[in-house]
2 protein chains.
Amino acid sequence: MPYGWRVTKTSAERAEPTADSRLRPAGRATRAAIEAAAKALFAERGFEGASVRGIAAEAGVDPALVIRHFGSKEALFLRTIDTSLGIGAVIDGPVETLGRRLVAYFLEGGNTAMRRRFVAIAQASHLQQVRDEMVRHTAEAYIAPLAPRLDGEDREVRVALVVAQIAGLLNLLFLQEDPVLSAASPATLVALYGDAIQSLVTP
Amino acid sequence: MPYGWRVTKTSAERAEPTADSRLRPAGRATRAAIEAAAKALFAERGFEGASVRGIAAEAGVDPALVIRHFGSKEALFLRTIDTSLGIGAVIDGPVETLGRRLVAYFLEGGNTAMRRRFVAIAQASHLQQVRDEMVRHTAEAYIAPLAPRLDGEDREVRVALVVAQIAGLLNLLFLQEDPVLSAASPATLVALYGDAIQSLVTP
DNA sequence: CGACTTGAGTCAACGCTGTTGACACCCTCG
DNA sequence: CGAGGGTGTCAACAGCGTTGACTCAAGTCG
């Protein structure tokens with residue numbers, strides 16, 4: 001976003017000196033309260049469903065103060081929602097069994113917290129900054145650690161395609177709540193989809 | 001759409017007797033104008049970006065008239081956006097080469113119209129009815145025609161997983177505009193991802 | 001042919017949203 | 001002690017989707 005040419009500062013720029021540098025105790029406390037309320041409400045109702053006024057009320061704070069502290073609802077969302085889904089441990093394991101372990105990871109851990117985070121992020125995908133964050137996360141959490149460990153050609157593309165497979169699975173499972181996939185046993189999904197993913201990891 | 005069981009009528013139902021049955025010429029014309037304007041603006045700006053007032057202005061009509069005719073912005077979106085992406089011909093072809101043909105289809109045809117429709121639908125996925133429509137489309141356009149033609153076990157689940165793979169590919173390619181996948185050659189994507197899909201069709 | 005029903009269209013308004021600017025407070029530092 | 005700036009409050013803005021009351025004309029029927 002071309003902010004540079006502007007002379008007057010927007011509230012978004014005024015808001016965060018360095019996120020915590022020159023901050024008084026009172027400010028730090030209300031910031032934390034707002035962040036906690038936002039995390040809860042975004043997870044519960046999604047980006048559109050959670051309003052700035054609702055978050056402010058939950059935190060016991062004036063709505064204007066939310067914007068004052070975080071600049072915008074979008075910025076608050078980005079700071080609040082944790083895009084890293086703790087995938088590190090799975091990625092670090094042996095690549096020969098990565099496919100099934102990936103699917104198993106998302107099926108097991110994803111029944112509550114991760115499911116809600118995924119839905120919230122997916123539903124906020126009309127925001128450019130959210131999409132950028134997804135791309136960054138793909139590059140940082142998947143391509144960077146995994147591509148160097150693969151054999152053969154097109155390693156980065158193949159990892160990106162693995163991410164696409166995972167994104168698609170979570171989409172049908174968590175967002176659309178597809179009845180066929182929801183009714184299938186986790187073991188079946190792990191075996192079938194895990195092997196499909198594996199065919200890109202070790203062709 | 002299961003409208004019948006409800007007793008009280010919402011404005012959405014009041015609006016459309018049977019979509020065109022008892023309609024005067026004038027009404028039919030403005031309805032068409034609204035639909036055309038909506039189709040253009042939804043595709044151009046997405047669900048959130050296109051406003052009812054904007055659509056009304058584009059159609060040269062009062063904003064209230066848009067709601068009067070279609071019941072709600074959401075209903076207008078559902079009637080306007082064509083979820084069937086003309087996949088029929090690809091599905092009907094030989095299953096032995098389905099994977100690569102599917103990927104090729106979405107890579108070729110998807111540069112303009114389909115790309116915009118996918119983005120618009122994805123960005124409206126916070127609406128329950130839009131998600132329901134996606135599920136219905138999966139069942140109708142993929143599972144129903146394809147599952148009976150497969151061999152082996154878990155045919156419906158395997159088709160659903162194919163849909164997940166496609167959804168994930170389109171997500172990274174069209175919505176997130178992932179730089180790695182965008183830079184890859186279509187031929188590479190067709191070969192790699194097509195075979196990954198094929199591994200679910202004919203294991 | 002006139003009366004009545006009913007669809008088409010207009011207008012102002014409601015309640016909601018995210019965001020802003022002016023203002024007062026009070027802590028901290030020089 | 002005075003100045004500066006982080007902190008909080010308030011009312012208001014423009015935009016959103018949607019509603020209800022209203023007028024007008026077209027179509028139906030006794």
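Only a predicted model underlies this, so the values are computations on that prediction, with no experimental measurement involved. All chains are named by letter (A, B, ...) in the order of the sequence lines, taking the proteins before the strands, and each is independently numbered beginning at 1.
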Min side-chain heavy-atom separation B:Arg131-A:Gln123 under 4.5 Å
yes

Do B:Pro179 and A:Val135 have side-chain heavy atoms sitting under 4.5 Å apart?
yes

NZ or CZ of B:Arg117 within 45° of B:Phe174 ring axis and under 6.0 Å:
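Negative - B:Arg117 is either too far from the ring of B:Phe174 or too far off its axis.
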
Distance test, side-chain N/O of A:His69 to OP1/OP2 of D:dG6, below 4.0 Å:
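No, because none of the side-chain N or O atoms of A:His69 sits under 4.0 Å from OP1 or OP2 of D:dG6.
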
Has B:Thr30 got a side-chain N or O lying under 4.0 Å from the OP1 or OP2 atom of C:dA8?
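No, outside the criterion.
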
How long is the gap from CG on B:Asp92 to CG on B:Leu146, to the nearest 0.5 Å?
9.5 Å

When rounded to the nearest 0.5 angstrom, what distance separates OG1 in B:Thr30 from CG in B:Asp62?
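These two atoms lie 11.5 Å from each other.
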
Mark yes or no for whether B:Glu35, through its side chain, and B:Leu76, through its backbone, hold a donor-acceptor pair below 3.5 Å.
no

Is the side chain of B:Asp178 donor-acceptor paired with the backbone N or O of B:Leu181 at a distance under 3.5 Å, no angle test?
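Yes; judged by distance alone, with no hydrogens or angles, the pair exists.
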
Where along residues 33-45 of chain B does a heavy atom fall under 4.0 Å from DNA chain C?
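Residues of residues 33-45 of chain B that come under 4.0 Å of DNA chain C do not exist, since none gets that close.
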
Check nucleotides 11-17 of chain D against the protein and report each pair of N or O atoms closer than 3.5 Å, with its distance, or say if there are none.
| from | atom 1 | to | atom 2 | distance (Å) |
| --- | --- | --- | --- | --- |
| D:dC16 | OP1 | B:Ser51 | OG | 3.3 |
| D:dG17 | OP1 | B:Val52 | N | 3.1 |
| D:dG17 | OP1 | B:Lys73 | NZ | 3.0 |
| D:dG17 | OP2 | B:Val52 | N | 2.9 |
| D:dG17 | N7 | B:Arg53 | NH1 | 2.5 |
| D:dG17 | O6 | B:Arg53 | NH2 | 3.0 |

Rounded to whole angstroms, how far apart are [atom1] on [X] and [atom2] on [N]?
{"X": "A:Glu74", "N": "C:dG18", "atom1": "CD", "atom2": "C1'", "answer": "12 Å"}
{"X": "A:Leu65", "N": "C:dA24", "atom1": "CG", "atom2": "P", "answer": "18 Å"}
{"X": "B:Arg68", "N": "D:dA21", "atom1": "CZ", "atom2": "P", "answer": "11 Å"}

Parallel, tilted or perpendicular for B:Phe77 and B:Phe47, by the 30°/60° rule?
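Rings of B:Phe77 and B:Phe47: perpendicular, as their planes differ by over 60°.
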
